[in-house]
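Below: one structure, written as C-alpha cells.
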Amino acid sequence: MAKIQKIKGVADLFPEDSARYAFMEETARDVFSAYGYGELRVPILEKTELFCRSIGEETDVVQKEMYTFPDRKGRSLTMRPEATAGVVRAYVENKIFQPGKVSKYFTFGPMFRYERPQAGRMRQFHQIDAEIFGAAEPQADAEVLLMLSSFLSKIGLEKLSFELNSLGCPECRPQYNQALKDFLNSLDREQLCDDCQRRMDTNPLRVLDCKNKNCKALTEKAPTIPDHLCGECRDHFDTVITLIDEAGLKYTLNPRLVRGLDYYQRTAFEVTSGDIGAQTAVAGGGRYDGLVESLGGPKKVPGIGFACGMERLAMLLEGDYEPKTDFYVALVDDRAAKEALIFGEELRRKGLKGEIGFTAKSMKAQLRHANKINAAKCFIFGADEFENGTVTIKDMTESGEQETVTRSEYFK
RNA sequence: GUGGGUGUAGCUCAGUUGGUAGAGCACUUGGUUGUGGCCCAAGUGGCCGGGGGUUCAAGUCCCCUCACUCACCCCA
C-alpha cells in the first residue's frame, strides 16, 4: 500500500519538539494569569463572514489565504487564520460587556493560512494570544506591552526588539491617507518597484515598509502617521510612551510600522528577531477600538491585544526541554519480567517518572538506554534478582554506586 | 501565485569522464562468562523520491512528475 503523506505546511511534533510548545504554553499561563487574564478556548471553525468583517475584505489574508469551504449544508466555514476575531465574537455573543467592566483573556492553538511554506511560516501554525476588552486608557496599552515583554523574557528571549507606532483613529487616519496619496502621486511612479506601484492603489500604507532600497529612498520624505495624529490620538500615544519609558521597556519608534489586519487603530506594535530567516515578526498586536462594534457588539467597547507566533519563538529557544526521568527498570533476564513490571508500577505510585524494559537485553544495552533517557537511577532485574527476590539499584551519575536490596525492603 | 536549491541507509552526507552503491553517527552483538558514558571489532539496514527515455550498461545523461526547502509576496 502506498504511504500517505501529511499535507503541505503542517508538522508532526515529536516529544523533542513538542516539549518547546508545552514550555511556552505553561509559561504563558503563569505570566498571563499574574496579570489577571483567564483562558478562553474558542473554536477553530467559524463562519467565514466573521473573518471578512473583522480582518478586512481587502486584505491578503481574506482574499488569498483562508481555508474556506462549505459544510454539508452549504454554509461557508473558515478555519481561523488568527485568534482575535473568534475571541471578540465570543465576547460579544456571550454579552460579557458591561459599562466600565474590563475583561482579559488569553488563548492558544492552531491557526491556518494557505501560503507557500518557508522558514517560520507554516500553513498550520500556532499562536499565543492575549486580549483586553473595556479598557481605553493608555495604561492598558502599556501593561499589554509589559506583559508581552515579561513573557518573552521568561521563555529566555532577551534580544528581541520592540517596535512601536500609532496608526491613528477613524478621525485622523483619512486625512493622513490623503496626505500619503498626494505624496505618492507626486513621485515618478515608474521609479517604484512593481509591487509598490500596485500597493499605491490597493494599500498605500504598505509602500512605506517596502524592502526595496530604491523605494525606501524615494519615500524617505513621505508623511508619516505620527505627524498627522489628531489631538486625542497624539495624547494617547504620548502617554503610552511615557508609561513604558517609566517602566523601563526598551523599544524603538517606527513611524512606518503598519499592521496587516484592518481592525487595528492607535497603538500598534511588533516584536522582531533577525535570527529566524526572512520572517522577522515573532509577535504583533495593537489596539482595535472599533472591532467589537463592527462585530455586532455595543459601541465604544475598546480592545487591545497581541499574538505570538509559536513556530517562530520555538526557532529561537535553545536547549533541551524534555523532562528528565527518575528511573529505568532494566530487564536483563526474561524470567523477571513480571517482577520488573510490578516494581515499576510501585515506583510510579510513589510519584516517580520512568520506564521499564519490556524485553530482556544485555546489561550493556539496558544501561545505555537508562543513560539515554537520562534516568537518575537504574533498577536491575536479572537472574540473581529473580532467584533471590532482590533488586539492584544503580546510581546513574558518574559515581555509578549500587546496592542490592530485597524488594519488600525497598519501599519501607 | 512567482523564482532558486535539494531529493542516495533511521540521521548528516560522499559517489570522480555512465560499469547495478560508500563513510560518519545511530542501532544490535561482542571485546568486558551481569554493569552505561571512552575505545576497538563485527553485524543489521538502500526498488539511489516516482515514472518514462537514451545506452550493451543510468545514482550518474535527457524529459515529466511528486515531495521537501529557501526567497519574493504576505504575515505571527
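Every chain is numbered from 1, with letters handed out A, B, ... down the list of sequences.
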G-U wobble or Watson-Crick pairing nucleotide for A41(B) (cut-off 3.5 Å, both distances):
U29(B)

Which of the following nucleotides, [options], is nearest to the side chain of [X]?
X	options	answer
Arg116(A)	U35(B), G1(B), C73(B)	G1(B)
Asp384(A)	G37(B), G36(B), G34(B)	G34(B)
Lys361(A)	U29(B), A67(B), U35(B)	U29(B)
Ser362(A)	A67(B), G30(B), C73(B)	G30(B)
Asn371(A)	U35(B), G37(B), G31(B)	G37(B)
Lys364(A)	G36(B), C74(B), A71(B)	G36(B)
Leu367(A)	C73(B), U35(B), A71(B)	U35(B)
Ala278(A)	C74(B), G34(B), C72(B)	C72(B)

Could you check whether any side-chain N or O of Thr219(A) sits under 3.5 Å from a backbone N or O of Ala222(A), counting only pairs where one atom can act as donor and the other as acceptor?
no

Would a distance-only check, ignoring hydrogens and angles, find a side-chain to backbone donor-acceptor pair under 3.5 Å from Lys394(A) to Gly400(A)?
yes

Are [X] and [Y] linked by a side-chain donor-acceptor pair shorter than 3.5 Å?
X	Y	result
Tyr288(A)	Glu131(A)	yes
Thr390(A)	Thr404(A)	no
Thr267(A)	Ser166(A)	no
Thr224(A)	Asp227(A)	yes

Could you tell me if the side chain of [Y] sits less than 4.5 Å from the side chain of [X], heavy atoms only?
X	Y	value
Val87(A)	Phe133(A)	yes
Phe151(A)	Tyr35(A)	no
Lys361(A)	Leu331(A)	no

Round to the nearest Å and state the distance from [X] atom [atom1] to [N] atom [atom2].
X	N	atom1	atom2	value
Phe125(A)	C74(B)	CZ	P	16 Å
Asp333(A)	U35(B)	CG	P	14 Å
Phe112(A)	A76(B)	CZ	P	17 Å

Would you say Arg368(A) reaches U35(B)'s phosphate, i.e. side-chain N/O to OP1/OP2 under 4.0 Å?
no

At less than 4.0 Å, is any side-chain N or O atom of Gln118(A) found next to OP1 or OP2 of A71(B)? Yes or no.
yes

Any N or O donor-acceptor pair under 3.5 Å from the base of [N] to the side chain of [X]?
X	N	answer
Arg121(A)	C74(B)	yes
Gln402(A)	U35(B)	yes
Arg312(A)	C75(B)	yes
Lys394(A)	U35(B)	yes

Quick check on RNA chain B: between Ala365(A) and Ala281(A), whose nearest nucleotide comes earlier from the 5' end?
Ala365(A)

Nearest-nucleotide 5' precedence on RNA chain B, Tyr264(A) against Val332(A):
Val332(A)

Distance, [atom1] atom - from [M] to [N], rounded to whole angstrom:
N	M	atom1	answer
A9(B)	A21(B)	C1'	11 Å
C27(B)	U69(B)	C1'	28 Å
A57(B)	A14(B)	P	29 Å
C63(B)	C70(B)	C1'	26 Å
C47(B)	U20(B)	C1'	12 Å
A42(B)	G24(B)	P	10 Å
G45(B)	G34(B)	C1'	29 Å
G5(B)	G49(B)	C1'	16 Å

By a strict heavy-atom criterion of less than 4.0 Å, which residues belonging to residues 41-67 of chain A are in contact with RNA chain B?
Asp60(A), Glu65(A)

Would you mind classifying the nucleic acid contact of Glu82(A) as base, sugar-phosphate or nothing, using non-hydrogen atoms under 4.0 angstrom?
nothing

